[in-house]
Amino acid sequence: MAELVTDEDLVRARTDPDFRQKFMADHLDRLLEALNVARRSASNPVRAKQIREGVDLAVKLAEILNNQGSRPGTRAA
């Protein structure tokens with residue numbers, strides 16, 4: 001999780017559909033790993049709220065990935 005997203009990554013993700021698909025899938029995997037770690041750690045109301053927000057974000061990201069894969073001219077990962 002130490003890798004930061006660079007400005008170059010963001011520019012390329014905006015212009016290269018194949019890179020964007022892989023970029024988003026990789027970050028979805030990282031988000032799910034972080035949620036799994038958080039779930040196993042000590043539970044408190046703040047942590048539970050963060051996990052819920054992370055799950056909402058993961059669902060939105062998965063929906064975007066699925067929609068990109070179903071559009072004509074795009075490839076699913």
Counting N and O atoms only, with roles assigned by atom type, does the side chain of Asn36 sit under 3.5 Å from a partner on the main chain of Leu32, one being a donor and the other an acceptor?
no
Rounded at 0.5 Å granularity, tell me how far CG in Leu35 sits from CD in Glu53.
10.5 Å
Listed by chain and number, what are the salt bridge (charged side-chain N to carboxylate O under 4.0 Å, His left out) partners of Arg52, not counting sequence neighbours?
none
Drop me the distance from Leu28's CG to Glu33's CD, to the nearest 0.5 angstrom.
10.0 Å
Within one Ile-Leu-Val-Met-Phe-Trp-Tyr cluster: Val37 and Val55, side-chain cutoff 4.5 Å:
no
Just how far is it from atom NE2 of His27 to atom CG of Leu61, taken to the nearest 0.5 Å?
9.5 Å
Which residues satisfy the side-chain contact (heavy atoms from CB on, under 4.5 Å) test with Asp56, sequence neighbours excluded?
none
If you compare all heavy atoms of Phe23 against all heavy atoms of Ala13, which two are closest, and at what distance to 0.1 Å?
CD2-CB, 4.2 Å
What residues form a salt bridge (charged side-chain N to carboxylate O under 4.0 Å, His left out) with Asp26, not counting sequence neighbours?
Lys22
Where is the tightest heavy-atom contact between Arg20 and Arg14, given as atom of each residue plus distance?
NH1-O, 3.4 Å
Suppose we screen for side-chain contact (heavy atoms from CB on, under 4.5 Å). Which residues come up paired with Thr6, at least two apart in sequence or across chains?
Glu8, Asp9
Can you list everything that forms a side-chain hydrogen bond (donor to acceptor under 3.5 Å, both in side chains) with Gln50? Sequence neighbours excluded, please.
none
List the residues meeting side-chain contact (heavy atoms from CB on, under 4.5 Å) with Leu57, not counting sequence neighbours, and say none if there are none.
Leu31
